[in-house]
Amino acid sequence: MKLKTDFLVIGSGVAGLYCAYKLAEFGEVTIITKKFDYESNTYYAQGGIASVFSETDNPEIHLKDTLEAGAGLCDIDATRVLVEEGPTRVKELVELGVPFTRDEQGNLDLGLEGGHRRNRILHAYDRTGKEIELTLLSVVKSKANIKILEHHNCVDLLTPHHLKNKSISNKCYGAYALDVKKGEVFPILAKKTILASGGAGQVYLHTTNPSVATGDGLASAYRAGAIVKNMEFYQFHPTSLYHEKGDSFLISEAVRGKGGILKSIDGETFMEHYHEMKDLAPRDIVARAIDNEMKKRGEPFVLLDVTHLVKPEIIKHFPSIYEKCKSLGLDITESPIPVVPAAHYMCGGVATDLFGRTNIENLYAVGEVACTGVHGGNRLASNSLLEGLVFAARIATNVSSTENLFSKEHDSIPDWDKEGMKNTEEWVLISHNLKEIKNIMSDYVGIVRSNLRLERAMRRIQLIKAEVKDYYNRTVVTNPLLELRNVIQVAELIVISALARKESRGLHFSTDYPEDRNPSREDTFIINEVIEN
């Protein structure tokens, strides 16, 4: 079976859905998504979306805050695009019906988060991502020329490699997709392919990301020859719930924006010792501060205290957080919340230009899978949803002004060949390797690193990668196997990038090098490799 479509969008978060909505004006769109259509990092985003809406704010202040948080590594042109075009895109969300929280006068309630010097966070209480996701899904499903294929995962991007033709410049013709329920792999041929597959938090043991975040799009693009950069910058959210049944549940940055205070278990505040903005310092600084306090005191968590705030206001502004904690026996209005940092956001990714184009012809990337340069060495809180919107719209603009044709190479793409593959049920091999990768990354490539830890991680990761490669080459494709293959690839890219950066900057903090936050873009590391078989 072969499927043809004008535009193939891989992923169904805010970036993928908004891009599909914009592309529908120019042709047929097919979206593939690994699980249910709503399952994405977007759906679980609590805090909000940053954009200039206040009379006391302007794009230049937003730009300055973003650049400062990015530790001198933001691409200034991309960041200016983000802050200047952002308000228009967010207004469109309002027009589409996203129920952002408003005050008693009917004005948008603008929150404050770490690293921001103005109130500019639009939110739907603490369910912002969910409301945006469901609104965009409703809009997309109303379009007759947009098709969503749930329970389909990208196996590999289609390139001249699959034609055995090395004389053709690198192009993307679509992707091989796995129908997870049927266990069948088939090609989806597309004029343009847009990666919007999100991040890879599952590479770490503790993450705020859902189980689908296994870096599938990033790994597929890398295997196809795409340039990847800034992978050493993996953001750990400072405050995830510490509870055996909490599943690293995110405690939004907006909680600190409303006045929440970080304390040690014995009740001492500590952020004043790390940054002038105290509890509202950029995320990399807060995460390291918590990590340091835990190690210094030998404690498994710190406390986020909101008990001094007005109880009805806490419940009103953070209903999801209140309900989740209450279900676990914790009333946040009476007791501080135990929190720890957890892997949250991939600031690096597939390198793109200002219109989402990668170095592979007809392949675009948007959202967390992409590296536009706006996040630099550390993402400013609530800039992620904004980035997805702004650059998704720019992809549609570029597509509308370029030729969108099927080529003769499209017709030559072969069906998936599974001849000689074995149908094994050795799940223990996959689960054991996956757990080992997560432990290695968390122990050696977490918030604080060293050359010794990174080198040890690399040796172990390369051994596991060889095992996975051998297993993949002789086994029928399954979704768990695809995810394992992609997780180990992302893990290797993070370690390669971390070893290359001989300094501490932003989210990459090494005990072997002093921290440097002076602006410099001379040593942004990119990775490109000829496809492996």
Side-chain angles (χ1 to χ4, degrees), residues 10-16 33-35 39-45 153-157 195-224 226-237 240 247-248 250 341-352 358 365-372 375 378-379 384 387-388 430 433-442 444-447 449 457-458 461 464-465 468 479-498 507-508 527:
I10 301 173
S12 61
V14 61
T33 186
K34 246 193 333 188
K35 287 194 175 179
E39 189 73 6
S40 63
N41 278 351
T42 297
Y43 186 83
Y44 297 94
N153 196 4
C154 174
V155 178
D156 271 319
L157 297 174
L195 284 177
S197 51
Q202 292 298 326
V203 77
Y204 287 99
L205 194 59
H206 302 291
T207 178
T208 61
N209 294 181
S211 62
V212 295
T214 51
D216 307 316
L218 175 74
S220 297
Y222 177 66
R223 288 192 296 268
I227 292 173
V228 172
K229 68 179 184 180
N230 285 2
M231 289 301 295
E232 67 271 36
F233 301 121
Y234 216 104
Q235 186 175 78
F236 283 71
H237 197 288
S240 73
D247 298 323
S248 297
L250 178 66
H344 183 61
Y345 191 87
M346 183 172 72
C347 290
V350 181
T352 68
T358 73
V366 64
E368 192 171 352
V369 70
C371 185
T372 61
H375 305 309
N378 173 53
R379 175 172 69 83
S384 55
E387 181 195 30
I430 295 176
N433 277 339
L434 187 59
K435 185 176 181 180
E436 190 173 352
I437 295 165
K438 288 170 172 278
N439 281 318
I440 290 168
M441 292 298 291
S442 296
Y444 302 139
V445 201
I447 294 172
R449 304 159 179 179
M458 180 58 80
I461 284 170
I464 298 172
K465 186 181 178 184
V468 172
N479 199 54
L481 179 55
L482 286 181
E483 291 181 332
L484 175 63
R485 181 193 188 209
N486 294 328
V487 163
I488 190 65
Q489 182 61 81
V490 173
E492 183 184 48
L493 291 172
I494 293 172
V495 178
I496 289 172
S497 298
L507 297 163
H508 173 72
I527 306 168

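No hydrogens, no waters, no symmetry mates; every other heavy atom, side chains included, goes into these values.
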Chemist: So, for T214 and D216, which heavy atoms are closest and what is the spacing to 0.1 Å?
Modeler: OG1-OD1, 2.9 Å
Chemist: Does any part of the side chain of H375, heavy atoms only, come nearer than 4.5 Å to the side chain of F233, both counted from C-beta?
Modeler: no
Chemist: How far does CD of E483 sit from CD1 of I488, to the nearest 0.5 angstrom?
Modeler: 14.0 Å
Chemist: Any donor-acceptor pair under 3.5 Å linking the side-chain atoms of T208 with those of H344?
Modeler: yes
Chemist: Show the nearest heavy-atom pair for residues Y234 and A343, with the distance to one decimal.
Modeler: CE2-CB, 4.3 Å
Chemist: Heavy atoms only: give me the nearest A219-N486 pair and the separation to one decimal.
Modeler: CB-OD1, 3.3 Å
Chemist: Which pair of heavy atoms, one from G388 and one from V366, lies closest together, and at what distance?
Modeler: O-CG2, 3.7 Å
Chemist: Is there a side chain to side chain contact (heavy atoms under 4.5 Å, CB included) between K35 and S211? Walk through the geometry before answering.
Modeler: CA-CA 10 Å; K35 287 194 175 179; S211 62; 3.0 Å; yes
Chemist: Test side chain to side chain contact (heavy atoms under 4.5 Å, CB included) on Y345 and H237 and set out the steps.
Modeler: CA-CA 8 Å; Y345 191 87; H237 197 288; over 6 Å; no
Chemist: To the nearest 0.5 Å, how far apart are CD in E436 and CE in M441?
Modeler: 13.0 Å
Chemist: Working note: R379 + E387, criterion side chain to side chain contact (heavy atoms under 4.5 Å, CB included); need CA distance, chi angles, decisive distance, verdict.
Modeler: CA-CA 11 Å; R379 175 172 69 83; E387 181 195 30; over 6 Å; no
Chemist: Give the minimum heavy-atom separation between V369 and M346, together with the two atoms involved.
Modeler: CA-CE, 4.0 Å
Chemist: Between Q235 and N378, is there a side-chain donor-acceptor contact under 3.5 Å, judged purely by atom types and distance?
Modeler: yes
Chemist: How many angstroms lie between atom OH of Y222 and atom CG of L493, to the nearest 0.5 angstrom?
Modeler: 5.0 Å
Chemist: Kindly indicate whether the side chain of V350, heavy atoms from C-beta on, has any atom under 4.5 Å from the side chain of I227.
Modeler: no
Chemist: At their closest point, which heavy atom of L482 faces which heavy atom of C154, and how far apart are they?
Modeler: CD1-O, 4.2 Å
Chemist: Would a 4.5 Å heavy-atom cut-off, applied to side chains only, mark N230 and C347 as touching?
Modeler: no
Chemist: Is there a side-chain contact between I437 and L484 in this structure, where contact means two heavy atoms from C-beta onward sitting under 4.5 Å apart?
Modeler: yes
Chemist: Look up atom CG in L157 and atom CG in L195, then write down how far apart they are to the nearest 0.5 Å.
Modeler: 5.5 Å
Chemist: Evaluate the side-chain proximity of Q202 to V212: yes if any heavy-atom separation is below 4.5 Å, no if none is.
Modeler: no
Chemist: With rounding to the nearest 0.5 angstrom, report the CG to NZ distance, N433 to K435.
Modeler: 12.5 Å
Chemist: Do you see a donor-acceptor pair shorter than 3.5 Å between the side chains of K34 and S12?
Modeler: no
Chemist: A side-chain contact here means heavy atoms from C-beta on lying under 4.5 Å apart; do L218 and M231 qualify?
Modeler: yes
Chemist: Answer yes or no: is there a side-chain heavy-atom contact under 4.5 Å between Y444 and I461?
Modeler: no
Chemist: Within the structure provided, determine whether R223 and R485 are in side-chain contact (heavy-atom separation under 4.5 Å).
Modeler: yes
Chemist: If you measure from SG on C371 to NZ on K229, what distance do you get to the nearest 0.5 Å?
Modeler: 5.0 Å
